[in-house]
Amino acid sequence: MSGNLFRIYGNRYISVLSRVWAGNSQAVKNSEEALRKILEAKFPQAKNIVVSDISGGCGSMYDIFVETTEFKGLSTVKQHRLITESLKNEIKTMHGLRIHTSIVE
């Protein structure tokens, strides 16, 4: 991979063009923050909520991790359903969403 075409963000190589196409990286950060705030309101007891744009910066795909005691006794499907229901309006404009959940011990 050419050093001019790709940059390392964390442990991923992201095309510089994807950042250009995405426009303002601050907008991506704001989108991540907006999704995180929705999830914080839905899961007030959450120990950890992480939202990451994994689309290369265009805001079309996110990786979401929620760790909370509120998932205790729920199947993984039900945990994920709670997350998708809380983000149903935002999901309409996305291409994809990866959800990871954990129950605080």
Self-check item: Worked verdict on Gln79 versus Ile103 for side-chain contact (heavy atoms from CB on, under 4.5 Å)
Solution: CA-CA 10 Å; Gln79 294 171 24; Ile103 300 170; 3.9 Å; yes
Distance, nearest 0.5 Å, that separates [atom1] of [X] from [atom2] of [Y]:
| X | Y | atom1 | atom2 | value |
| --- | --- | --- | --- | --- |
| Leu87 | Leu97 | CG | CG | 7.0 Å |
| His80 | Ile64 | NE2 | CD1 | 10.5 Å |
| Ser75 | Arg81 | OG | CZ | 7.5 Å |
| Ile38 | Ile49 | CD1 | CD1 | 11.0 Å |
| Ile83 | Phe43 | CD1 | CZ | 5.0 Å |

Exercise. With side-chain contact (heavy atoms from CB on, under 4.5 Å) as the test, would you mind laying out the steps for Thr93 and Glu90 before giving the verdict?
Key: CA-CA 6 Å; Thr93 61; Glu90 292 72 18; 5.5 Å; no
Could you pull out every donor-acceptor pair under 3.5 Å between side chains of residues 65-73 and any protein atom, sequence neighbours left out?
unit_1, atom_1, unit_2, atom_2, d
Thr68, OG1, Glu70, N, 3.2
Thr68, OG1, Glu70, OE1, 2.7
Thr69, OG1, Gln45, OE1, 3.0
Glu70, OE1, Gln45, N, 3.3

Quiz prompt | Closest contact, heavy atoms only, Lys42 versus Ser86 | solution =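 Here Lys42 and Ser86 meet closest at CG-CB, 3.8 Å.
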Quiz item: Side-chain heavy atoms under 4.5 angstrom apart, residues restricted to Ile, Leu, Val, Met, Phe, Trp, Tyr: same cluster for Leu74 and Leu39?
Solution: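 Yes, Leu74 and Leu39 fall within the same hydrophobic cluster.
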Practice problem: Salt-bridge test for Lys37 and Glu40: reply yes if a basic N is under 4.0 Å from a carboxylate O, no otherwise. | Solution: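 No, no charged N to carboxylate O under 4.0 Å.
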